[in-house]
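For the single chain, residues carry numbers from 1 onward in sequence order.
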Amino acid sequence: MISRMVAAAARAFLVAFLIAIPAMLLPDVNNDSAQIVALLALVAAVLTFSEYVSEFPSLIEFRDAPPFNRMRFGTLLASVLVLTLIARGSIHPTGLTDLLNEVGYNIGEAMDFPFSPVRLMVLVSPGDASGPARDLIRTMAGLAYLISLVTMLVFVAVVRLLDWPIRNGAFNFWVNLPLFDPTTGGDVLYRLKRDSHFNVALGFLLPFLIPAVLKMTSTWDAAPNLIDHQPLIWTMIAWSFLPTSLIMRGVALMRIADLIEEKRRRAYAQAEVQLA
């Protein structure tokens, strides 16, 4: 019990720290924004602690199937930290921020071709944005998208090469998929494959759909201000991380479906042998 509480507290602290990174490192954060960020970090920490301190699952999927959630958190942490340092470097440049900005600028230039997700995000920039502001958007978009792509490819390799999630023991369906009710909606195998295909398709489309939604909301003056650093960072995080998270979930669900299908085939084969 004590070890579970310590582990839950550590996870809660890391989540709160991740949310607070831009507010702590950016020099142009006002007091109101800092208070809102502190409140959001506290709420996220409480939710994370209550989820992981409990023996029974409630919301978080694949809780006992590492490294799924660890890879997602690592992607978020790396993206937020890198984008925040680049934004800080536009005000107070250092050697590290200059290096990150140069690398990100080259990556953004390479990924900024017609109809690419990075080009669409650059086109979403406000009409009155200056050249450096557009370059910053391109740099952040390229880096965030690259980090997400690398994470997705690494997870696929973990699934295929390291036999996730059964390499370290049996997979507990109820603990790792608490929101999935296997008793309703027909065959579990069909539902898992259907949800997997939907998540992968939506994850593929979102990098193209999100810029379109942002452009639409900008006509109603409801879009985030991409000139301000904090909204820019979190917009880029949502645009890059959400599709990757959905694709990872789709790959994971398809892997679980394959395991169930393989177990069924063994059970049917064993039953036929016993009948013979």
Side-chain angles (χ1 to χ4, degrees), residues 14-30 33-34 36-37 40-41 71-154 206-208 210-215 218 223-245:
L14 289 174
V15 170
F17 173 72
L18 185 150
I19 294 174
I21 285 177
M24 290 190 302
L25 295 183
L26 292 177
D28 56 346
V29 178
N30 57 50
S33 296
I36 293 174
V37 170
L40 292 176
M71 291 182 65
R72 293 200 300 176
F73 178 81
T75 301
L76 270 177
L77 181 61
S79 300
V80 171
L81 185 59
V82 169
L83 298 190
T84 302
L85 289 175
I86 290 176
R88 179 181 174 84
S90 64
I91 302 174
H92 298 301
T94 63
L96 176 60
T97 59
D98 288 343
L99 176 62
L100 290 175
N101 186 68
E102 183 178 355
V103 172
Y105 181 82
N106 293 330
I107 293 173
E109 282 286 327
M111 303 179 75
D112 184 11
F113 53 86
F115 305 108
S116 71
V118 173
R119 171 66 62 85
L120 295 177
M121 284 303 295
V122 174
L123 294 176
V124 171
S125 58
D128 58 347
S130 62
R134 291 179 183 271
D135 290 342
L136 182 61
I137 292 174
R138 182 185 296 108
T139 298
M140 287 190 174
L143 270 176
Y145 201 63
L146 180 63
I147 292 172
S148 296
L149 286 177
V150 170
T151 302
M152 183 175 59
L153 294 176
V154 170
L206 275 182
F208 303 91
I210 290 177
V213 173
L214 290 174
K215 195 67 175 180
S218 66
N225 181 16
L226 299 184
I227 303 299
D228 191 4
H229 286 153
Q230 280 203 89
L232 175 60
I233 290 171
W234 290 116
T235 299
M236 290 299 174
I237 294 299
W239 166 75
S240 62
F241 175 75
L242 184 58
T244 299
S245 182

Undergrad: Heavy-atom distance under 4.5 Å between the side chains of Val29 and Gln230, does that happen here?
TA: yes
Undergrad: Nearest 0.5 angstrom please: Leu123 CG to Arg138 CZ, how far?
TA: 9.5 Å
Undergrad: Which residues satisfy the side chain to side chain contact (heavy atoms under 4.5 Å, CB included) test with Ile91, sequence neighbours excluded?
TA: Pro27, Asp28, His229
Undergrad: Verify the neighbour count for atom CD of Glu109: are there more than 12 heavy atoms of other residues, nucleotides or ligands below 6.0 Å?
TA: yes
Undergrad: For residues 145-154, which residue pairs qualify under side-chain hydrogen bond (donor to acceptor under 3.5 Å, both in side chains), counting only residues two or more places apart or in two chains?
TA: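 Every side-chain hydrogen bond (donor to acceptor under 3.5 Å, both in side chains) pair that includes a residue of residues 145-154, provided the two are not neighbours, is Thr75-Thr151.
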Undergrad: Could you measure the distance from the CD1 atom of Ile227 to the CG atom of Leu232? Nearest 0.5 Å is fine.
TA: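 The CD1 atom of Ile227 sits 8.0 Å away from the CG atom of Leu232.
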Undergrad: Do any pairs count as a side-chain hydrogen bond (donor to acceptor under 3.5 Å, both in side chains) and have a residue in residues 113-123, sequence neighbours left out, and if so which ones?
TA: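 Matches after skipping sequence neighbours: Asp112-Arg119.
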Undergrad: Under 3.5 Å, side-chain donor or acceptor atoms of residues 14-22 against the rest of the protein: list the pairs with distances, not counting sequence neighbours.
TA:
none

Undergrad: Can you name the side chain to side chain contact (heavy atoms under 4.5 Å, CB included) partners of Pro231, sequence neighbours left out?
TA: Pro224, Asp228
Undergrad: Once rounded to the nearest 0.5 Å, what's the spacing between atom CG of Leu100 and atom CE of Met140?
TA: 10.5 Å
Undergrad: Could you pull out the closest heavy-atom pair between Val37 and Ala23, with the gap in Å?
TA: CG1-CB, 3.9 Å
Undergrad: Measuring only between side-chain heavy atoms, which start at C-beta, is Leu83 closer than 4.5 Å to Trp234?
TA: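 Counting from C-beta outward, Leu83 and Trp234 never come under 4.5 Å.
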Undergrad: Which pairs with one or both residues in residues 104-128 pass ring-ring contact (aromatic ring centres under 6.0 Å, His included), sequence neighbours excluded?
TA: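 Counting only pairs at least two positions apart or across chains, no ring-ring contact (aromatic ring centres under 6.0 Å, His included) contact touches residues 104-128.
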Undergrad: If every non-hydrogen atom of Leu226 is compared with every non-hydrogen atom of Pro126, which pair is closest and at what distance?
TA: CB-CD, 4.2 Å
Undergrad: To the nearest 0.5 Å, what is the distance between CG on Leu85 and CG on Leu81?
TA: 4.5 Å
Undergrad: Can you tell me how far apart CD1 (Ile233) and CZ (Arg88) are? Round to the nearest 0.5 Å.
TA: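 So the gap between those two atoms works out to 11.5 Å.
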Undergrad: Which heavy atom of Met111 sits nearest a heavy atom of Gly142, and at what distance?
TA: SD-O, 3.7 Å
Undergrad: Can you tell me if Ser90 uses its side chain to pair, donor with acceptor, with the backbone of Ala87 under 3.5 Å?
TA: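 Checking the backbone N and O of Ala87 against the side chain of Ser90, a donor-acceptor pair under 3.5 Å is found.
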Undergrad: Take Leu120 and Val124, measure what side-chain contact (heavy atoms from CB on, under 4.5 Å) needs, and give me the verdict at the end.
TA: CA-CA 6 Å; Leu120 295 177; Val124 171; 5.7 Å; no
Undergrad: Taking all atoms of both residues into account, what is the closest heavy-atom pair of Thr94 and Thr97, and its distance?
TA: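 Shortest heavy-atom contact: N-OG1, 2.7 Å.
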Undergrad: Would you call Met121 and Met236 a side-chain contact if the rule is heavy atoms closer than 4.5 Å?
TA: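 Side chain of Met121 against side chain of Met236, heavy atoms only: contact under 4.5 Å found.
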Undergrad: Would you give the length of the straight line joining atom OG of Ser240 to atom CG of Leu206, rounded to the nearest 0.5 angstrom?
TA: 11.5 Å
Undergrad: List the atom of Ile86, the atom of Asn101, and the distance in Å for their closest heavy-atom pair.
TA: CG2-OD1, 3.9 Å
Undergrad: Closest approach of Ser79 and Ile237, non-hydrogen atoms and distance?
TA: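 Smallest interatomic distance, heavy atoms only, reads CB-CD1, 3.3 Å.
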Undergrad: Strictly distance-based, threshold 3.5 Å: is any side-chain N or O of Ser245 a donor or acceptor partner for the main-chain N or O of Phe241?
TA: no
